[in-house]
J.: 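A single structure is presented below for examination.
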Amino acid sequence: MKYSKQELMELIQQTVYEVTKIHVKQMDTNLLDTRLLIHPADFLYIFDILEKKLNVPAADILKNHDYTVMQVDAMSEALLELLH
């Protein structure tokens, strides 16, 4: 299935909410921001769900990017790269 950037951003937001019950509204919010109160272990579940839904090694986005890839907008771009 082909995804648009918007669809991926919504999927990321939905997945973060599914795991943490935290609504991320701003696309430039870094998910690592401690003000969000996302427990580091939750990222294991978030990446696992994204990998299963997208059928790509989602955690690979961490290999060639800096911490800013954890912004919803940047993460969707990095996932788009993996999907193509």
Side-chain angles (χ1 to χ4, degrees):
M1 178 176 174
K2 288 211 171 211
Y3 290 90
S4 69
K5 181 178 175 179
Q6 183 64 38
E7 289 170 325
L8 288 174
M9 288 191 298
E10 290 169 7
L11 178 61
I12 294 164
Q13 288 175 300
Q14 174 187 359
T15 303
V16 169
Y17 182 76
E18 182 180 324
V19 172
T20 67
K21 302 300 183 232
I22 296 170
H23 287 286
V24 178
K25 296 177 183 164
Q26 300 293 96
M27 296 303 113
D28 62 347
T29 299
N30 194 306
L31 299 176
L32 298 174
D33 188 330
T34 56
R35 290 177 290 186
L36 289 178
L37 301 175
I38 297 176
H39 193 278
D42 288 338
F43 290 107
L44 296 172
Y45 298 103
I46 291 167
F47 279 112
D48 183 58
I49 292 168
L50 290 173
E51 286 182 358
K52 288 176 180 169
K53 288 184 178 180
L54 300 172
N55 201 30
V56 295
D60 282 0
I61 66 169
L62 301 172
K63 289 182 180 176
N64 299 317
H65 297 91
D66 62 17
Y67 72 96
T68 60
V69 78
M70 294 303 290
Q71 294 172 342
V72 175
D73 183 54
M75 186 181 289
S76 66
E77 297 249 349
L79 288 169
L80 271 176
E81 290 174 17
L82 286 178
L83 288 165
H84 291 109

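Quick note: residue numbers are just sequence positions, from 1.
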J.: Using a cut-off of 6.0 Å, state whether more than 12 heavy atoms not belonging to Tyr45 lie near its atom OH.
T.: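 Atom OH in Tyr45 is not crowded, with 12 or fewer foreign heavy atoms closer than 6.0 Å.
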J.: Leu11 vs Leu79, test: side chain to side chain contact (heavy atoms under 4.5 Å, CB included). Steps then yes/no.
T.: CA-CA 11 Å; Leu11 178 61; Leu79 288 169; over 6 Å; no
J.: Not counting sequence neighbours, which residues clear side chain to side chain donor-acceptor pair (under 3.5 Å) with Gln26? List them please.
T.: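 Checked Gln26 against side chain to side chain donor-acceptor pair (under 3.5 Å); zero matches.
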J.: According to side-chain contact (heavy atoms from CB on, under 4.5 Å), who are the partners of Thr34, at least two apart in sequence or on a separate chain?
T.: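 For Thr34 there are no side-chain contact (heavy atoms from CB on, under 4.5 Å) partners, ignoring immediate neighbours.
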J.: Please tell me whether Leu36 and Leu44 are part of a single hydrophobic cluster in this structure, the criterion being side-chain heavy atoms less than 4.5 Å apart.
T.: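 In one cluster: no.
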J.: For Lys52, give me all partners under side chain to side chain donor-acceptor pair (under 3.5 Å), at least two apart in sequence or on another chain.
T.: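 In terms of side chain to side chain donor-acceptor pair (under 3.5 Å), with neighbours along the sequence ignored, Lys52 is linked to Asp48.
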J.: Please give me the minimum heavy-atom distance between Lys53 and Tyr3, naming the atom from each residue.
T.: O-OH, 3.7 Å
J.: Heavy-atom distance under 4.5 Å between the side chains of Leu83 and Leu8, does that happen here?
T.: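 Leu83 vs Leu8: side chains touch.
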J.: With sequence neighbours excluded, tell me which residues meet salt bridge (Lys or Arg N to Asp or Glu O under 4.0 Å) with Glu81.
T.: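 Partners of Glu81 by the salt bridge (Lys or Arg N to Asp or Glu O under 4.0 Å) criterion come out as none, since no residue qualifies.
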J.: Would you please test Thr29 and Val72 for side chain to side chain contact (heavy atoms under 4.5 Å, CB included) and show each step?
T.: CA-CA 7 Å; Thr29 299; Val72 175; 5.9 Å; no
J.: Could you report the tightest heavy-atom contact between Leu31 and Ile38, atom names first, then the distance?
T.: O-CD1, 3.8 Å
J.: Could you go through residues 55-65 and list every donor-acceptor pair under 3.5 Å that involves a side-chain atom there, pairing it with any protein atom two or more places apart or in another chain?
T.:
residue : atom : partner : partner atom : Å
Asp60   : OD1  : Lys63   : NZ           : 3.4
His65   : ND1  : Ile61   : O            : 2.8

J.: Taking only residues at least two apart or on different chains, which pairs with a member in residues 10-23 satisfy side chain to side chain donor-acceptor pair (under 3.5 Å)?
T.: Gln6-Glu10
J.: Please collect all side chain to side chain donor-acceptor pair (under 3.5 Å) contacts where either partner lies in residues 68-80, sequence neighbours excluded, each pair once.
T.: Lys5-Asp73, Lys5-Glu77, Asp66-Thr68
J.: Taking side-chain contact (heavy atoms from CB on, under 4.5 Å) as the test, write out the residues that go with Tyr67, two or more places apart.
T.: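 Listed in chain order: Asn30, Leu32.
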J.: Got a sec, which residues hit side chain to side chain donor-acceptor pair (under 3.5 Å) with Glu7, two or more places apart in sequence or on another chain?
T.: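 With neighbours one apart ignored, the set is Ser4.
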